[in-house]
Every structure is written in C-alpha cells, then in structure tokens.
Amino acid sequence: MLPVTYRETNRARLRETLVTAARDLTIGSGWEGVRMADVAVAAGVSRQTVYNEFGDKAGLAEALAAREIGLFVGDVRAVLLRHGADVRAAGHAAIRHTLVEADANPLIKAILTGADGLLPYLTTRLDLLLSAATAVVVEWAGTHLPGHDPKVVAVAAESIVRLVVSHIVQPSQPPEQAAEELTDVLVRLLVP
C-alpha cells in the first residue's frame with residue numbers, strides 16, 4: 001500500500017469539514033434550506049471549493065448520507081460484537097441501539113423516511129444501509145455461529161435488518177418493546 005500524501009490528507013480533511021458543516025446546517029435548518037454557499041461559509045472556504053469537491057448539492061447529499069450511514073452502522077456493529085455468541089443478548093442490544101439511535105439521529109431518520117427533502121438525492125442510500133447492516137449481522141454470525149448455514153444466516157440477517165428499518169420508518173411501539181419482539185424473531189431465525 002502506498003503512503004498517503006500530504007495532498008490526499010488535506011483533501012480528506014477538507015471533505016470531512018465540508019460534510020460536517022453540511023450536517024450541522026441540515027440539523028439546524030433542514031436539508032432544503034442548505035445552500036452550497038452556506039456550507040462554504042460554515043467551513044471557512046469559498047463556495048467554489050465546495051462545488052469543486054462535490055460537484056453539486058446532490059454530490060454533497062450523497063457524501064453526507066454515506067458518512068452518516070457508515071458511522072451509524074459502525075456503532076451498531078460494535079454493539080453487536082460486544083455480546084459474542086449470545087444471539088439473544090447481541091441481537092437485543094444491536095436492535096435496541098439501532099431503534100433508539102435512529103430515533104435520536106435526525107439525519108438517519110431523514111435518510112430512511114425521505115423527510116426533509118433528502119430523498120431525491122438519496123436514491124441508493126437505503127440499499128447502502130440495508131447492505132451494510134446485513135453484512136454486519138452476517139459477519140457477526142460467521143464469527144460467533146460458525147456451524148450455521150451461511151444461506152440461512154444471510155436470509156435471517158437481511159430479514160431482521162428490513163424489519164428494524166421498517167420500525168424506524170414507521171414505529172408502532174416504543175423502541176424497547178419493538179426490540180424485544182424483533183429479538184424474538186431473530187432468535188427464531190437463528191437458533192435451531
């Protein structure tokens with residue numbers, strides 16, 4: 001692997017600063033109110049710098065969604081892995097964390113529900129979230145449930161992720177109750 005250059009490091013920092021500024025502005029005034037010029041001012045750069053980095057507002061939205069989803073799924077992965085092979089404990093902790101954090105994170109909620117005008121920019125983000133979250137469950141099962149049929153694990157993982165996302169998008173009960181019920185489903189899918 002080649003070492004990262006000074007220029008690449010600075011560009012990564014710039015992108016992170018711009019995405020953070022866009023996130024803060026989105027939380028403060030909603031995505032529809034975010035202008036590239038506002039992001040530039042918040043980040044302390046020129047408007048042209050923002051356009052050079054992302055091309056347009058859609059490119060900025062994609063970067064914002066990708067970062068937010070990556071961080072969110074990474075947190076869920078850490079919660080899941082902390083519980084080892086205990087399907088019920090790991091599943092409950094990860095599902096509960098997901099439901100509670102998604103409810104508290106206005107951008108995840110907006111990404112999944114299409115609220116706040118983000119949906120037109122995020123046509124592939126739901127697929128990214130589903131794929132990334134399913135991969136985390138499959139990874140966990142591969143490590144902690146090595147005797148399980150990989151096909152069954154893949155179907156169970158995708159199914160539970162879709163159910164959890166459904167509860168985020170349209171909650172029908174408090175997160176704790178939903179986590180209990182969804183954990184029961186996960187256990188039935190994975191424990192023979």
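Positions are given from 1 along the sequence.
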| note | For D56, the salt bridge (charged side-chain N to carboxylate O under 4.0 Å, His left out) test, sequence neighbours excluded, returns none
| query | Got V19 and F54 here, is their nearest side-chain heavy-atom distance under 4.5 Å? | reply | yes
Side-chain donor-acceptor contacts of residues 77-91 below 3.5 Å, not counting sequence neighbours, with atom names and distances?
| from | atom 1 | to | atom 2 | distance (Å) |
| --- | --- | --- | --- | --- |
| R77 | NE | E139 | OE1 | 2.9 |
| R77 | NE | E139 | OE2 | 3.3 |
| R77 | NH2 | E139 | OE2 | 2.5 |
| D86 | OD1 | R88 | N | 3.2 |
| D86 | OD1 | A89 | N | 3.0 |
| R88 | NH1 | D184 | OD1 | 2.8 |
| R88 | NH2 | D184 | OD1 | 3.3 |

| Any chance the side chains of T134 and S131 put a donor and an acceptor closer than 3.5 Å? | no
| Sequence neighbours excluded, which residues qualify as side chain to side chain contact (heavy atoms under 4.5 Å, CB included) partners of S172? | H167
| Set of salt bridge (charged side-chain N to carboxylate O under 4.0 Å, His left out) partners for E158, sequence neighbours left out | R162
| message | Within this structure, what is the CG-OG distance for the pair L186 and S159, rounded to the nearest 0.5 Å? | response | 10.0 Å
| Reported CG-to-CG distance for the pair N52 and L14, which is rounded to 0.5 angstrom | 9.5 Å
| Distance in Å, Q177 CD paired with L99 CG, rounded so as to fall on 0.5 Å steps | 11.5 Å
| salt bridge (Lys or Arg N to Asp or Glu O under 4.0 Å) contacts in which one or both residues fall within residues 94-107, not counting sequence neighbours | R96-E176, D103-K109
| field | Sequence neighbours excluded, every pair satisfying salt bridge (Lys or Arg N to Asp or Glu O under 4.0 Å) that has a member inside residues 16-27 | value | E16-R67, R23-E68
| Should W31 and L64 be marked as a side chain to side chain contact (heavy atoms under 4.5 Å, CB included) after you check the CA-CA gap, both sets of side-chain angles, and the distance that decides it? | CA-CA 11 Å; W31 179 252; L64 174 59; 3.9 Å; yes
| task | For R13 and N10, test the side chains for any donor-to-acceptor distance below 3.5 angstrom and give the result as yes or no. | result | yes
